[in-house]
Amino acid sequence: MASAVEQLKEHLAEIADLRRASAVLGWDQQTYMPPGGGKHRAQQLATLSRIVHERFTSETTLRLLDAAEPEVAALPETDDDRCLVRIVRMDYERARRLPNDFVANRARDAAISNQVWREARRANDFASFRPHLAKMVDYARQTAEYYGYQEHPYDALLDDYDRGLTTAEVRRIFDVLRPAQVELLRAIRERPEPRTDFLYRDYPEAAQAEFSLAVAADFGYDLSRGRLDVSPHPFATSFGRDDVRITTRYDRHFLPQAVFAVFHETGHALYEQNVSPTLDRTPLARGCSNVVHESQSRLWENVIGRSESFWRIYFPRLRERFPAALADVSAEEFYRAVNRVQPSLIRVEADEVTYNLHIMLRFELEVALIEGALDVAELPEAWAARMKEYVGIVPPDDRDGVLQDTHWSSGSIGYFPTYALGNVLAAQVYATALEQRPEIGPALAEGEFAPLLDWLRERIYHHGRKFLPQELVRQATGRALEPGPYLAYLRRKFGALYGL
Ligand code: ZN
């Protein structure tokens, strides 16, 4: 007779398979599905979501958990099985709070809403999307009530993306970042702008894809276990550590868009490809949380991929692919151009100095929507007002304003703050890596990424979801999440770039 832990793992493995199958359907929905397929896909995703929820919240899970707990109690705290039982118990208690019908309806309406958003964004038509968004906000408020919360309903939503994160903690960090980043932006705006004309020349998509994917492979993305496709909003998704996919979108006349999206998603993919194989087919076989995940995409995209040493090595290779467009450009000029600080409308194209301001805007709007202080109909105006206040510009239409992100369309409210906190954690993780392994810095200067990847694998990737986010951050960096290293990184890098 198999042990209770083994029986629990067998039960969870089937649920894991169903979740991965949902992920395949979701990936296809964003990449290759024809527009007409939306309704079928919504039904299929709803069915899978319902089965997953029913199975996971079943009496079987409870019985197996109860039996497994005493079996693992004497194991070391870092043992895979002990971590599994602990995290699954938390997941179980949380998931039980959502009724099955509610989960199924939410998944169905989210898929429809996402489909409508895709059309609305294309047509710059907020009005057609508005009722769907209102529905998603209602679902989020109901979700918070089902989950319960201590201080703020938004805390319950944050928990889905970074367990233990609170509205108060987000505010505490944002209150340190906001004045510092606004001040840095103001100082930079008084300095001369770098040359950027060459970024808008002709860059055929196929060559963009080849270059980006070659860099991704150099970072350590294993292409025998991954692939790159096109979607309206770039993302990474895992069907298991041996099939981790990324997407990007191309602008033939703006090179950075696709290239840095690939670097970004590669960071996510490196994390997923390097989760310990001993965690396969368990709920721990993925990244720890959104904040930790985003710290890795930002580390590879920005800290590495927008660094001076990186472009010293890679600019000549880029110029080989685009000899005409880059004939009169130096590596130094290219480095300065891809780090230009400029208020912009689109979050995913924002530079490192203004990016978090886009997030603070969304965070505040989300909190207001959840509190009921703001109506969905008022969003475009509220958006414009905050854009003016924080970033200094106003979107000419909703496509470049409130319709630009996919998150709200599928009900992902509470997600945005994790992007900014990911930036913060990226700097903290990177500073720790350089401190603990002095060979990492010189290796990066030679275009060798393996020592950094090894350290990250060992300290973060390998553990998957075995620990809570705060625990993992403390284990990996020796400290809780703090804004200091990030502000130091920004001031050092942009101080040098702009001669401040
Ligand atoms: Zn990301």
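In listed order, ligands and their atoms are each counted from 1. Quantities reported herein were computed from a predicted structural model and do not represent experimental measurements.
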Participant: Mind checking salt bridge (charged side-chain N to carboxylate O under 4.0 Å, His left out) for E471 and listing every partner two or more places apart, or none if nothing turns up?
Facilitator: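 Partners of E471 under the salt bridge (charged side-chain N to carboxylate O under 4.0 Å, His left out) test: R86.
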Participant: Could you name all protein N, O or S atoms found under 2.8 Å from the Zn ion (ligand 1)?
Facilitator: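 Result, waters dropped: H264 NE2, H268 NE2, E294 OE1.
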Participant: For residues 467-497, pull every pair meeting ring pair (Phe, Tyr, Trp, His ring centres under 6.0 Å), keeping only residues two or more places apart or in separate chains.
Facilitator: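 Passing the test, one end in residues 467-497: H463-F467.
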Participant: Between Y149 and D159, does any side-chain donor sit less than 3.5 Å from a side-chain acceptor?
Facilitator: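 No, no side-chain donor-acceptor contact under 3.5 Å.
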Participant: Could you pull out all residues at least two apart from E458 that satisfy side chain to side chain contact (heavy atoms under 4.5 Å, CB included)?
Facilitator: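 Scan of E458 (side chain to side chain contact (heavy atoms under 4.5 Å, CB included), adjacent residues dropped) gives R437.
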Participant: Using ring centroids (six-membered ring only for Trp), state whether F363 and Y154 fall under 6.0 Å.
Facilitator: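 Ring centroids of Y154 and F363 are less than 6.0 Å from each other.
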Participant: With no hydrogens and no angle check, is any side-chain donor or acceptor of R241 less than 3.5 Å from a backbone partner on V275?
Facilitator: yes
